[in-house]
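Worksheet: the structure to be examined is printed underneath.
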Amino acid sequence: PYEHLRESDVFYERRIWREINVHEKLNKPFIYPQGYFIDIILDAAYECVLQTYEMVDDQFKIPLSCEKVKTIGNSIDTELVVDPVTLEESYEVIENLLNRDYVTKYRLKEDWIFDKQLSQLYVRIIGIAPIMEKYDENGNFMADIVMFWTYYPDLRNLLVNEEVFNPYNDSQRLSWDDIFEMRLFASVITKENNVWDRRIQDYAIGIDALLEHDRIRQEMFEKEHDLWSL
């Protein structure tokens with residue numbers, strides 16, 4: 001469990017949203033062939049062990065039912081079938097299940113907190129949302145779609161018991177909880193708490209968006225450094 005943090009000891013706090021791209025080298029464990037990270041979340045959600053929330057609800061106020069979650073990423077098509085003997089035409093219903101390879105990103109919502117009592121900077125992940133790629137009928141990429149949100153403190157109870165591939169040492173076992181708590185992943189900041197409630201992509205694109213990511217990260221680093229020097 002997390003150490004108890006008194007509200008009066010919180011000298012500085014900043015809310016950050018970031019995205020993890022599974023195709024980056026450091027994030028390859030998320031798509032380890034013997035166990036995708038998305039499988040852990042979906043299995044728990046399908047079995048009603050993990051509560052999920054609407055794709056636009058990172059405040060965790062609009063819960064999703066297990067039946068609703070099972071329909072996300074799935075689709076139903078009809079195919080024309082011709083009987084080779086009678087030449088009679090009929091339509092067959094085909095169910096297309098979610099392709100886990102389409103889940104290429106994860107969005108994190110987290111708080112950066114400086115505890116003045118211990119002079120320590122904490123990172124507390126609040127929620128995780130898997131993001132899947134959406135394609136049209138011709139296979140052309142359309143957009144990235146947030147599937148749903150999960151409340152991380154609830155998800156931690158599952159992740160701590162799920163082993164993950166350790167790219168650094170085969171003799172040392174890591175859980176998914178270790179990956180997140182030890183920050184063993186690469187990510188890009190996509191939003192910081194602001195009065196307009198806008199994401200970086202709303203006012204910066206391309207190299208400017210990356211520079212904005214670096215600015216926010218450097219600002220938090222300098223803030224921690226300044227607090228240490230007080």
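Worth saying up front: this structure is predicted, and the values here are computed from it rather than measured.
- Taking NZ of Lys116 as the start and OG of Ser8 as the end, the distance is 6.5 Å to the nearest 0.5 Å.
- Residues Glu110 and Arg18 are in side-chain contact: their nearest non-hydrogen atoms beyond the backbone lie under 4.5 Å apart.
- Taking Asp144 as the reference, Lys105 meet the salt bridge (Lys or Arg N to Asp or Glu O under 4.0 Å) condition, with sequence neighbours excluded.
- Between Ile72 and Met55, every side-chain heavy-atom pair lies at or beyond the 4.5 Å cut-off.
- Smallest separation of non-hydrogen atoms from Ile31 and Tyr36: O-CE1, 3.5 Å.
- With salt bridges taken as basic N to acidic carboxylate O contacts below 4.0 Å, one links Glu19 and Arg199.
- A salt bridge links Asp111 with Arg15; the closest basic N to acidic carboxylate O contact falls under 4.0 Å.
- Residues Ile126 and Val160 are members of separate hydrophobic clusters, defined by side-chain heavy-atom contacts under 4.5 angstrom among Ile, Leu, Val, Met, Phe, Trp and Tyr.
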Would Trp149 and Arg107 count as a side-chain contact (heavy atoms from CB on, under 4.5 Å) if you check the C-alpha gap in whole Å, the side-chain angles of each, and the deciding distance to 0.1 Å? CA-CA 9 Å; Trp149 276 94; Arg107 184 170 297 167; 3.8 Å; yes
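- No donor-acceptor distance shorter than 3.5 angstrom exists from the side chain of Asn27 to the backbone of Glu24, with no hydrogens or angles considered.
- In this structure, Ile205 places its CD1 atom where only 12 or fewer heavy-atom neighbours from other residues, nucleotides or ligands lie under 6.0 Å away.
- Under the 4.5 Å side-chain criterion, counting only non-hydrogen atoms from C-beta, Val123 is in contact with Arg183.
- If you run side chain to side chain contact (heavy atoms under 4.5 Å, CB included) between Phe185 and each of Leu108, Asn21, Val22, only Leu108 comes through.
- More than 12 heavy atoms of other residues, nucleotides or ligands sit less than 6.0 Å from atom NZ of Lys28.
- Listed by first and then second residue, the side chain to side chain donor-acceptor pair (under 3.5 Å) pairs involving residues 150-160 are Tyr152-Asp177, Tyr152-Glu181, Arg156-Asp177 (not counting sequence neighbours).
- Taking every heavy atom of both residues into account, Ile189 and Arg217 meet most closely at CD1-N, 4.1 Å.
- Across Ser187 and Ile20, no two heavy atoms sit closer than the pair CB-CG1, 4.0 Å.
- Ile40 and Leu50 end up in the same hydrophobic cluster when Ile, Leu, Val, Met, Phe, Trp and Tyr side chains are linked at under 4.5 Å.
- Ion pairing of Asp197 with Lys191 is present here, as a side-chain N (NZ or NE/NH1/NH2) and a carboxylate O approach within less than 4.0 Å.
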Evaluate the side-chain contact (heavy atoms from CB on, under 4.5 Å) criterion for residues Phe165 and Leu174: first the C-alpha distance (whole Å), next the side-chain angles of each, then the deciding distance (0.1 Å), finally the verdict. CA-CA 7 Å; Phe165 176 77; Leu174 290 177; over 6 Å; no
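- Sorted by first and then second residue, the disulfide bond (SG atoms under 2.5 Å apart) pairs with a member in residues 2-60 read Cys48-Cys66; sequence neighbours excluded.
- For Tyr106, the ring pair (Phe, Tyr, Trp, His ring centres under 6.0 Å) criterion is met by Phe30, Phe37, not counting sequence neighbours.
- Using a 4.5 Å heavy-atom cutoff, the side chains of Thr104 and His23 are in contact.
- No continuous path of ILVMFWY side-chain contacts below 4.5 Å connects Ile216 to Ile207, so the two sit in separate hydrophobic clusters.
- Side-chain atoms of Glu67 never come within 3.5 Å of backbone atoms of Tyr46 as a donor-acceptor pair (strictly under, hydrogens ignored).
- Listed by first and then second residue, the ring pair (Phe, Tyr, Trp, His ring centres under 6.0 Å) pairs involving residues 190-217 amount to none (not counting sequence neighbours).
- Note that CD1 of Ile41 and CD of Glu162 are 10.5 Å apart. Values are rounded to the nearest 0.5 Å.
- Taking CG of Asn193 as the start and CD1 of Ile16 as the end, the distance is 8.0 Å to the nearest 0.5 Å.
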Applying side-chain contact (heavy atoms from CB on, under 4.5 Å) to Phe148 and Glu54, what does each step give before you reach the verdict? CA-CA 5 Å; Phe148 50 76; Glu54 282 284 354; over 6 Å; no
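- In this structure, CG in Asn194 is found 9.0 Å from CG in Asp202, a value given to the nearest 0.5 Å.
- Taking all atoms of both residues into account, the shortest heavy-atom contact from Lys61 to Tyr53 is N-CD2, 4.0 Å.
- Smallest separation of non-hydrogen atoms from Ser175 and Leu159: CB-O, 3.6 Å.
- Under the 4.0 Å criterion applied to side-chain N and carboxylate O atoms, Arg215 and Glu192 are assigned as salt-bridge partners.
- Atom CD of Gln218 sits in a crowded spot, with more than 12 heavy atoms from other residues, nucleotides or ligands closer than 6.0 Å.
- Put simply, the side chain of Asp178 does not reach to within 4.5 Å of the side chain of Leu184, judged on heavy atoms.
- Both Val49 and Ile38 are part of a single hydrophobic cluster, where members link through side-chain heavy atoms under 4.5 Å apart.
- A distance of 11.0 Å separates OH of Tyr32 from CG of Asn166, quoted to the nearest 0.5 Å.
- Checked against ring pair (Phe, Tyr, Trp, His ring centres under 6.0 Å), Tyr135 has the following partners two or more places apart in sequence or in another chain: Tyr102, Phe141.
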Working for side-chain contact (heavy atoms from CB on, under 4.5 Å), residues Trp112 and Met220: CA-CA 8 Å; Trp112 289 68; Met220 291 191 298; 4.0 Å; yes
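- Asp115 is listed as a side-chain neighbour of Leu5, based on a closest heavy-atom distance under 4.5 Å.
- Remark: Leu98 CG to Met132 CE distance equals 6.5 Å, nearest 0.5 Å.
- Proximity of Val103 to Ile131: side-chain heavy atoms (C-beta onward) are nowhere separated by under 4.5 Å.
- Arg100 and Pro33 make their closest contact through NH2-O, 3.8 Å (heavy atoms, listed as atom of the first residue, atom of the second, distance).
- Tyr122 and Ile125 are members of different hydrophobic clusters when ILVMFWY side chains are connected at heavy-atom separations under 4.5 Å.
- Residues Leu121 and Ile113 have side chains not in contact (no heavy-atom distance under 4.5 Å, counting atoms from C-beta outward).
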